[in-house]
Amino acid sequence: MTATIGESLAGATERLRAAGSETARLDAELLLGWAVGADRTAIVAHPDAPVGADAAGRFEDAIRRREAGEPVAYIRGLKEFHGLAFSVDPRALIPRPETETLVDIAIGEVMARLSDRPYEAGGGPGGGGDPIRIADVGTGSGAIAVAIAVALRHRSVTMGRHVTILATERSPEALQLARENAVAHAAADGMRFVEADLFPPVLPDDGAPLDIVLANLPYVRSDAIPGLPIAASFEPRAALDGGADGLDEIRALLARLPDVLAEGGVAFVEIGADQGEAGPLAVAEILPGWHADVSTDLGGLPRVLRIERG
Ligand code: GLN
């Protein structure tokens, strides 16, 4: 005889709370859902249903991993981001909710640029002229690039013709995960995945400059890494560690912008909540005469640095 869903959840929640999880009940619901192959909502709605021996075994294994600090997303192999389910594993950082701000800003920027073009018969943005060229630098799991491609498709934008996305990543393993996520969301049209440190030596389309550069690079200060929640220790350090002040990678990106950004182009770079002043200062230092400003995320914290030529 196996335990019911309600009993399993109660026991696991208590264990995860004791292990230090601040989201013990939610973790338990997500992991039990994963173990039985059902939505979390179905789990919550059926507390008296039996769990079954196989599922109970999987659940026990998952709870042990979570007790050891492993993120729920890695145990499930799945993270929701911008309304989509992304495959995640230790090849890449787990997408964070605050990064949805960068995605929304990018979608708004693309739609504003397309709306300046004449509409085509049959609806959809005009196809005349070059596509809007976007780069997602350090794409990791591909969450930013794929979420944008899917959102644009829902707005009748034809990837490849109206918009192209170059996704770069220096970790070949992470790049492979990004490709898998693009394929899983049928979003690979008009997207290119290139292994590169920031940008490839020659941009696609014979080096055509980029209209929109997006980046969520590592920006955590090296000395802050040990203080991150234990779950972060399961993620690739190279995806988090931004050097002494956290801005090493972002400065390297800024230094490349004059070469890769089109006239009238714009870059949006995610920053840490405590980098709302240091970010624009880095721009002033590296790109004198360029404009920089900072947008906040849904929590009201500094999050996205916007950079344009002066
Ligand atoms: N926001 C992430 C964190 O604090 C950091 C992401 C990044 O460095 N790009 O864990």
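When a ligand or atom number is given, it counts from 1 through the structure's own listing order. Sequential numbering from 1 along the given sequence is applied to the chain's residues.
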- Query: Between Asp274 and Arg221, does at least one N-O distance fall below 4.0 Å, as a salt bridge requires?
  - Reply: yes
- Message: Any salt bridge linking Glu169 with Arg91? Criterion: basic side-chain nitrogen under 4.0 Å from a carboxylate oxygen.
- Response: no
- Residue-ligand contact Gly246/ligand 1, heavy atom below 4.0 Å: no
- Message: Assess whether a salt bridge exists between Glu70 and Arg76, defined as any Lys/Arg side-chain N lying under 4.0 Å from an Asp/Glu carboxylate O.
- Response: no
- What closest approach, in Å, do Ala187 and Ala149 show between heavy atoms, and which atom pair accounts for it? CB-CB, 4.1 Å
- Message: Between the side chains of Asp245 and Arg251, is the shortest nitrogen-to-carboxylate-oxygen separation below 4.0 Å, so that they form an ion pair?
- Response: yes
- By number and element, which atoms of ligand 1 are closer than 4.0 Å to a non-hydrogen atom of Leu240? 5 (C), 8 (O), 10 (O)
- Task: Return yes when Leu228 approaches ligand 1 closer than 4.0 angstrom through a heavy atom, no otherwise.
- Result: no
- atom 8 (O) of ligand 1: the protein heavy-atom neighbour that sits closest, reported with distance to 0.1 Å: Tyr219 N, 3.0 Å
- Query: Which residue holds the protein heavy atom closest to atom 4 (O) of ligand 1, what is that atom called, and what is the gap in Å?
  - Reply: Val220 CG2, 4.4 Å
- Query: If you count the atoms of ligand 1 from 1 in the order shown, which ones are under 4.0 Å from a heavy atom of Leu217?
  - Reply: 7 (C), 8 (O), 9 (N)
- Query: Relative to ligand 1, is Ala232 under 4.0 angstrom through side chain, backbone, both or neither, heavy atoms considered?
  - Reply: neither
- Would you call Glu249 and Arg170 a salt bridge, taking side-chain N to carboxylate O under 4.0 Å as the test? yes
- Task: Give yes if a backbone or side-chain nitrogen or oxygen of Asn216 is under 3.5 Å from a nitrogen or oxygen of ligand 1, and no if not.
- Result: yes
- Here the atoms of ligand 1 under 4.0 Å from any heavy atom belonging to Glu98 are 1 (N)
- Note on the structure: For Arg96, the ligand 1 atoms with a heavy-atom partner under 4.0 Å come out as 2 (C), 3 (C), 10 (O)
- Message: With a 4.0 Å cut-off on N to O distance, would you call Arg133 and Asp211 a salt bridge?
- Response: no
